[in-house]
Protein chains: 2
Amino acid sequence: MIDEKKPRRRPRSDGQRNREHLLGVAKTAFTAGELDIPLDEIARRAGVGIGTLYRHFPNRDALIEAVYRAELDRLADAAPALAAQYPPVEALRAWMLLFVDYIAAKHVIAPALNGLVEGTSALYAQSGMILQNAIDRLVESAVASGDFKAEIEPLDLLRALAGVSNFSAGPGWETSAKRLVDILIAGSRV
Amino acid sequence: MIDEKKPRRRPRSDGQRNREHLLGVAKTAFTAGELDIPLDEIARRAGVGIGTLYRHFPNRDALIEAVYRAELDRLADAAPALAAQYPPVEALRAWMLLFVDYIAAKHVIAPALNGLVEGTSALYAQSGMILQNAIDRLVESAVASGDFKAEIEPLDLLRALAGVSNFSAGPGWETSAKRLVDILIAGSRV
DNA sequence: AGTATATACGGAGCAATGCTCCGTTTAACA
DNA sequence: TGTTAAACGGAGCATTGCTCCGTATATACT
């Protein structure tokens with residue numbers, strides 16, 4: 001009843017193009033710190049009408065989500081490789097440091113995490129799942145290998161890390177974040 | 001030149017009253033989760049004009065700051081008593097748990113921390129200082145007593161804690177936060 | 001008490017922004 | 001080349017933040 005598959009027409013090429021443009025402009029703006037740039041402005045820079053923007057992304061959150069989704073995916077995808085290459089705890093450590101680097105390099109992700117934090121939008125929840133899944137497996141291995149306490153909750157670590165990432169404090173920021181990674185790991189050991 | 005002390009008139013009583021009303025209404029609304037309630041609405045509920053609200057609090061941030069300031073102060077003030085009563089590490093642990101409880105009980109503070117996180121407003125910075133000062137001393141003692149590593153940066157712990165507090169996840173939230181406290185402490189030990 | 005004046009009040013109204021609606025245009029398919 | 005689903009675009013409405021300024025009143029002084 002629900003699965004009526006209609007013979008859809010191939011998506012229009014101009015639609016795709018505009019979507020790309022919008023994402024590109026938005027990403028540039030967001031990473032440049034223009035976090036609350038008006039959506040009209042994004043549409044203008046992308047050379048499309050405001051209506052077009054809203055058809056592709058029903059609200060601001062959806063746009064942000066779309067912009068950072070690729071980044072989050074890449075971050076999550078890096079986990080298996082690290083897990084294969086290093087012993088469990090080192091893999092986790094490497095991944096957490098990667099997490100920090102990501103935010104340090106471009107100021108990407110942080111806003112998405114902030115939104116994720118709010119918990120308002122179902123979209124963010126999905127992004128959160130991607131990351132949670134990645135860290136879940138890493139922690140799982142560390143527990144299985146006997147290095148970590150069994151009661152360690154992976155999400156706790158992710159939350160803490162997200163918290164630190166949010167602070168856009170001065171130059172010491174990055175080292176501070178890396179210090180926290182070590183504290184968290186030391187605290188998780190058996 | 002700058003310190004011209006003018007013989008100010010005593011503040012008007014109706015002004016004080018209205019200020020109190022506004023704070024009361026705002027606090028009720030905020031803790032009830034109506035985080036982005038329109039300022040007009042707050043003014044209406046408090047039975048004052050919108051102009052009055054803006055005279056007392058020049059913008060939304062200032063209002064939030066004012067609402068949570070007292071709470072943050074109380075939290076910070078609790079630190080010395082704990083330090084006097086318990087050994088250093090236990091005092092720190094107790095304070096961190098208190099921090100969690102505060103947020104668990106009423107959903108106060110979290111928004112303020114979020115703002116603090118943004119670093120946009122000088123006001124929030126001041127609030128942040130209050131908390132930082134409190135935790136600084138607690139950690140200092142723990143380091144001095146030889147329980148904590150010397151390189152522990154108090155702000156790191158505060159950041160992590162703030163990060164966790166932000167997530168308003170399901171019922172497991174509080175226990176999750178408390179778990180993290182223990183991880184952080186374990187990871188900070190020598 | 002009466003008066004002067006700093007202080008506070010209140011809300012109309014402007015500007016910015018999010019989002020919708022719908023007539024027009026165009027790419028896909030036959 | 002004609003038909004049509006899909007996409008476009010921007011006028012315009014609703015909401016919200018904030019300002020401005022004429023009005024009201026508590027305080028201080030005589």
Side-chain angles (χ1 to χ4, degrees), chain A residues 4-26 29-30 32-67 111 114-115 118 120-124, chain B residues 4-26 29-30 32-67 111 114-115 118 120-124:
Chain A
E4 276 192 60
K5 66 152 98 174
K6 291 229 179 113
R8 289 305 194 109
R9 187 180 269 189
R10 168 165 31 123
R12 281 175 52 163
S13 54
D14 55 345
Q16 299 263 27
R17 252 199 321 273
N18 281 338
R19 191 190 161 84
E20 302 297 322
H21 279 163
L22 284 167
L23 278 176
V25 169
F30 289 158
E34 303 180 279
L35 238 306
D36 33 3
I37 182 176
L39 295 186
D40 317 36
E41 177 64 16
I42 292 181
R44 210 181 52 70
R45 290 192 197 169
V48 305
I50 183 64
T52 298
L53 185 151
Y54 274 95
R55 201 167 329 94
H56 284 296
F57 311 100
N59 53 49
R60 181 182 218 88
D61 278 356
L63 179 59
I64 297 181
E65 160 82 8
V67 166
N114 247 322
E118 297 286 332
T120 61
S121 128
L123 291 166
Y124 284 134
Chain B
E4 277 192 60
K5 69 152 106 179
K6 292 228 177 113
R8 289 305 194 104
R9 186 181 271 193
R10 172 174 17 137
R12 279 174 54 160
S13 54
D14 53 346
Q16 299 263 28
R17 252 200 320 273
N18 282 337
R19 190 189 162 85
E20 301 297 323
H21 279 162
L22 285 167
L23 278 176
V25 169
F30 289 160
E34 304 181 279
L35 239 307
D36 32 3
I37 182 174
L39 296 186
D40 315 38
E41 176 63 17
I42 292 180
R44 210 182 51 71
R45 290 192 196 169
V48 305
I50 184 63
T52 298
L53 185 152
Y54 274 96
R55 201 166 332 94
H56 285 295
F57 311 101
N59 54 48
R60 180 182 219 84
D61 278 356
L63 179 57
I64 296 180
E65 160 81 11
V67 166
N114 247 321
E118 298 286 331
T120 59
S121 125
L123 291 168
Y124 284 133

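Every value quoted in this text rests on a predicted model; they were computed, and no experiment measured them. The chains referred to below are lettered A, B, ... by the order of the sequence lines, with proteins before strands, and numbering in each begins at 1.
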Kindly indicate, with the supporting measurements, whether the criterion side chain to side chain contact (heavy atoms under 4.5 Å, CB included) is fulfilled by A:R60 and A:I37.
CA-CA 10 Å; A:R60 181 182 218 88; A:I37 182 176; 4.3 Å; yes
Does [X] have a side-chain nitrogen or oxygen under 4.0 Å from the phosphate oxygens OP1 or OP2 of [N]?
{"X": "B:R10", "N": "D:dA26", "value": "no"}
{"X": "A:R9", "N": "D:dT4", "value": "no"}
{"X": "B:H56", "N": "C:dA8", "value": "no"}
{"X": "B:T52", "N": "C:dA8", "value": "no"}
{"X": "B:N18", "N": "C:dC9", "value": "yes"}

Closest of D:dC18, D:dA6, C:dA8 to the B:D14 side chain is C:dA8
Of all the nucleotides listed (C:dG18, D:dT16, D:dG9), which has the minimum atom distance to the side chain of B:P38?
D:dT16
Residues in salt bridge (charged side-chain N to carboxylate O under 4.0 Å, His left out) contact with A:D40, at least two apart in sequence or another chain:
none
Whichever of B:R12 and B:I50 has its nearest DNA chain D nucleotide further upstream toward 5'
B:I50
Here the residues of residues 39-48 of chain B within 4.0 Å heavy-atom distance, strictly under, of DNA chain D are B:L39, B:D40
Would you call B:E41 and B:R44 a salt bridge, using N to O less than 4.0 angstrom?
yes
Mind checking the CZ-CD1 spacing from A:F57 to A:I64? Nearest 0.5 Å is all I need.
11.5 Å
Donor-acceptor pair present, A:R55 side chain and D:dA7 base, under 3.5 Å:
no
Over all strands shown, is A:S13 touching base, sugar-phosphate only, or nothing at heavy-atom distances under 4.0 angstrom?
sugar-phosphate
What donor-acceptor contacts under 3.5 angstrom involve side-chain atoms of residues 46-55 of chain A, with partners at least two apart or in another chain?
none

Any idea which heavy atoms bring A:H56 and A:N18 closest together, and the distance?
NE2-CB, 4.4 Å
